[in-house]
Peer 1: 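Following this message is one structure expressed as structure tokens.
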Amino acid sequence: MAYVYRVGFDIGREQMTQLEIGGSLERVLGYLRTLLPSEPGFTQTRALHSLDPQGPIHLIFESTWETWDDLAAHQESSLLEDKVLLEFEPHVELKDLSSRIYEEVD
């Protein structure tokens with residue numbers, strides 16, 4: 001059974017360049033993608049952004065974990081997505097940062 005930790009937030013359209021290669025938000029997402037595989041039970045990550053033509057850009061970052069214990073340990077880790085993104089916030093204003101946990105349906 002897989003467990004997904006999902007973080008979502010908005011950025012302004014004017015900050016979209018931060019997602020381009022070398023942009024500051026792209027670098028922090030790359031940092032997470034590089035370091036999370038060293039965590040026990042880690043399976044994969046995904047980063048997605050909305051394509052809405054108007055309004056803010058909504059971003060989602062998901063990490064998938066093999067067991068509940070693996071995800072619980074990740075929540076105590078310094079690599080927890082919320083912590084990393086909030087430490088990074090002075091460079092990009094993150095609006096309405098939220099997180100949710102999902103369990104895969106068999």
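Since the model is a prediction, treat every value here as computed from it, not as a measurement.
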Peer 1: Any idea which heavy atoms bring Asp106 and Met1 closest together, and the distance?
Peer 2: OD2-CE, 3.1 Å
Peer 1: Which atom names give the shortest non-hydrogen contact between Leu32 and Leu79, and what distance separates them?
Peer 2: CD2-O, 3.6 Å
Peer 1: For Arg27 and Gly22, indicate whether the former's side chain and the latter's backbone hold a donor-acceptor pair under 3.5 Å.
Peer 2: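 Yes; at least one donor-acceptor contact below 3.5 Å.
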Peer 1: Got a second to check how far Lys83's NZ is from Glu76's CD, nearest 0.5 Å?
Peer 2: 6.5 Å
Peer 1: State, without any angle test, whether Ser63 and Trp65 hold a side-chain donor-acceptor pair at a distance under 3.5 Å.
Peer 2: yes
Peer 1: CG/Leu71 to OG/Ser77 distance, rounded to the nearest 0.5 angstrom?
Peer 2: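 Reported value, rounded in 0.5 Å steps: 11.0 Å.
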Peer 1: Are side-chain heavy atoms of Glu81 and Glu62 found at a separation under 4.5 Å?
Peer 2: no
Peer 1: Applying side chain to side chain contact (heavy atoms under 4.5 Å, CB included) to Val7 and Ile60, what does each step give before you reach the verdict?
Peer 2: CA-CA 6 Å; Val7 175; Ile60 297 169; over 6 Å; no
Peer 1: Any idea which heavy atoms bring Ala47 and Phe61 closest together, and the distance?
Peer 2: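 That closest heavy-atom pairing would be CB-CD1, 3.9 Å.
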Peer 1: Will you find, in the side chains of Tyr5 and Asp82, an N or O donor that is under 3.5 Å from an N or O acceptor?
Peer 2: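 Distance-only check passes for Tyr5 and Asp82.
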Peer 1: Over all heavy atoms of both residues, which pair between Asp70 and Gly41 is shortest? Give the atoms and the distance, please.
Peer 2: OD2-CA, 3.1 Å
Peer 1: Roughly how far, to the nearest 0.5 Å, is CE of Met16 from CG of Leu25?
Peer 2: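 So the gap between those two atoms works out to 9.5 Å.
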Peer 1: If you measure from CG on Leu36 to OG1 on Thr43, what distance do you get to the nearest 0.5 Å?
Peer 2: 11.0 Å
Peer 1: Ignoring hydrogens and geometry, is there a side-chain-to-backbone donor-acceptor pair from Gln15 to Ile11 under 3.5 Å?
Peer 2: no
Peer 1: Give a yes or no on this: more than 12 heavy atoms of other residues, nucleotides or ligands lie within 6.0 Å of atom OH of Tyr102.
Peer 2: yes
Peer 1: On a heavy-atom basis, which atom in Arg46 and which in Arg33 lie closest, and how many Å separate them?
Peer 2: C-NH2, 4.0 Å
Peer 1: So Leu19 and Leu59, do their side chains get closer than 4.5 Å, heavy atoms only?
Peer 2: yes
Peer 1: Do any N or O atoms from the side chain of Gln18 and from the backbone of Ser24 form a donor-acceptor pair under 3.5 angstrom?
Peer 2: yes
Peer 1: Are the side chains of Leu85 and Val28 in contact, using a 4.5 Å heavy-atom criterion?
Peer 2: yes
Peer 1: To the closest 0.5 Å, what do you measure between CG (Leu86) and CG (Leu97)?
Peer 2: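 So the CG of Leu86 and the CG of Leu97 are separated by 5.0 Å.
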Peer 1: Once rounded to the nearest 0.5 Å, what's the spacing between atom CG of Leu80 and atom CD of Gln75?
Peer 2: 6.5 Å
Peer 1: Is there a path of hydrophobic side-chain contacts, each under 4.5 Å between heavy atoms of I/L/V/M/F/W/Y residues, joining Leu29 to Leu48?
Peer 2: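 Cluster IDs for Leu48 and Leu29 differ.
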Peer 1: With side chains defined as the heavy atoms from C-beta onward, is the minimum distance between Trp68 and Ile101 less than 4.5 Å?
Peer 2: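 Contact flag for Trp68/Ile101 side chains = yes.
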Peer 1: For Ser50 versus Pro56, what's the shortest heavy-atom pair and its separation?
Peer 2: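 Shortest heavy-atom separation between Ser50 and Pro56 comes out as OG-O, 4.2 Å.
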